[in-house]
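Encoded as structure tokens, the structure appears first; notes follow it.
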Amino acid sequence: MTLPVLAGIASAAALLSGCANTEQKLGRGISNMAEIARMGELRRTVEQTAVTDGPDAAYGTGLVRGFNRTLARTGIGIYEVVTCPFPPYHPVATDYLAPGPVYPDSYVPSIIEDSAFASDANLGFSGGDVAPLVPGSRFRIFDSR
């Protein structure tokens with residue numbers, strides 16, 4: 001008797017609680033888990049260490065600090081994915097890491113140039129990344145920025 005009642009209450013609570021916060025936490029967790037492949041923290045920390053401490057410290061101290069921050073962000077991502085159905089839903093460890101993904105100041109991400117995102121596809125031409133699968137390839141055709 002007790003188990004079906006508890007299962008019913010848990011189901012009702014899950015359905016009535018809404019899922020916007022869960023979606024945000026899950027999305028943030030997946031983004032943070034991908035940090036180990038994206039390496040935004042590492043690149044930003046090396047760049048910022050070069051600016052503040054000089055180029056000699058960038059490839060030593062900056063690399064180690066950036067790798068540490070990358071592992072921390074990946075661990076937080078794993079934590080957020082595992083605990084996404086449960087509160088609290090706000091970002092954790094924000095005193096050490098920014099809530100969203102970070103990039104070096106020398107790089108501003110944007111949507112990939114593809115006909116799926118281009119508004120001029122009906123004219124028969126649109127841009128396109130020259131080499132989208134090559135890391136560091138940021139040259140874009142018809143990019144107005």
Side-chain angles (χ1 to χ4, degrees), residues 3 5-122 125-145:
L3 187 59
V5 171
L6 288 176
I9 291 172
S11 298
L15 292 173
L16 296 175
S17 66
C19 58
N21 289 331
T22 304
E23 287 175 354
Q24 289 176 349
K25 188 173 181 181
L26 180 63
R28 192 173 54 241
I30 291 171
S31 176
N32 284 337
M33 276 186 4
E35 177 63 31
I36 195 82
R38 190 174 55 83
M39 291 294 189
E41 282 283 356
L42 183 90
R43 293 182 293 153
R44 179 171 175 79
T45 305
V46 168
E47 178 189 75
Q48 294 301 312
T49 304
V51 169
T52 58
D53 298 342
D56 293 335
Y59 295 113
T61 306
L63 187 69
V64 172
R65 187 180 299 149
F67 186 70
N68 182 27
R69 292 174 68 89
T70 297
L71 291 179
R73 186 174 289 278
T74 304
I76 289 172
I78 293 168
Y79 166 79
E80 286 187 327
V81 167
V82 170
T83 63
C84 71
F86 312 110
Y89 297 110
H90 58 80
V92 295
T94 55
D95 55 337
Y96 182 66
L97 297 171
V102 297
Y103 298 94
D105 287 340
S106 61
Y107 173 67
V108 178
S110 61
I111 295 177
I112 189 169
E113 286 289 332
D114 192 332
S115 60
F117 302 113
S119 60
D120 55 356
N122 59 345
F125 66 91
S126 64
D129 280 353
V130 174
L133 298 178
V134 176
S137 171
R138 297 185 187 130
F139 179 74
R140 295 168 183 254
I141 300 172
F142 301 125
D143 197 6
S144 61
R145 285 178 268 147

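Worth saying up front: this structure is predicted, and the values here are computed from it rather than measured.
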Would you find a donor on one side and an acceptor on the other, under 3.5 Å apart, between the side chain of T49 and the backbone of T45? yes
Who passes side chain to side chain donor-acceptor pair (under 3.5 Å) against T83, sequence neighbours left out? K25
Considering residues at least two apart in sequence or located in another chain, which fulfil the side chain to side chain contact (heavy atoms under 4.5 Å, CB included) criterion with [X]?
X: A50; result: A58
X: V64; result: none
X: P99; result: P91, T94

Not counting sequence neighbours, list each pair that qualifies as a salt bridge (charged side-chain N to carboxylate O under 4.0 Å, His left out) and has a residue in [range].
range: residues 47-69; result: E41-R69
range: residues 99-108; result: R44-D105
range: residues 29-38; result: E35-R38
range: residues 75-98; result: R28-E80

Over all heavy atoms of both residues, which pair between [X] and [Y] is shortest? Give the atoms and the distance, please.
X: M33; Y: V81; value: SD-CG2, 3.7 Å
X: V102; Y: R73; value: CG1-NH2, 4.1 Å
X: G77; Y: N32; value: CA-CB, 3.5 Å
X: Y96; Y: A72; value: CE2-CB, 4.0 Å
X: F67; Y: L42; value: N-CD1, 3.3 Å

Test of understanding: with ring-ring contact (aromatic ring centres under 6.0 Å, His included), list the residues that count as partners of Y103, not counting sequence neighbours. Y107
Distance col, row C84:SG vs Q24:CD, nearest 0.5 angstrom, shows 12.0 Å
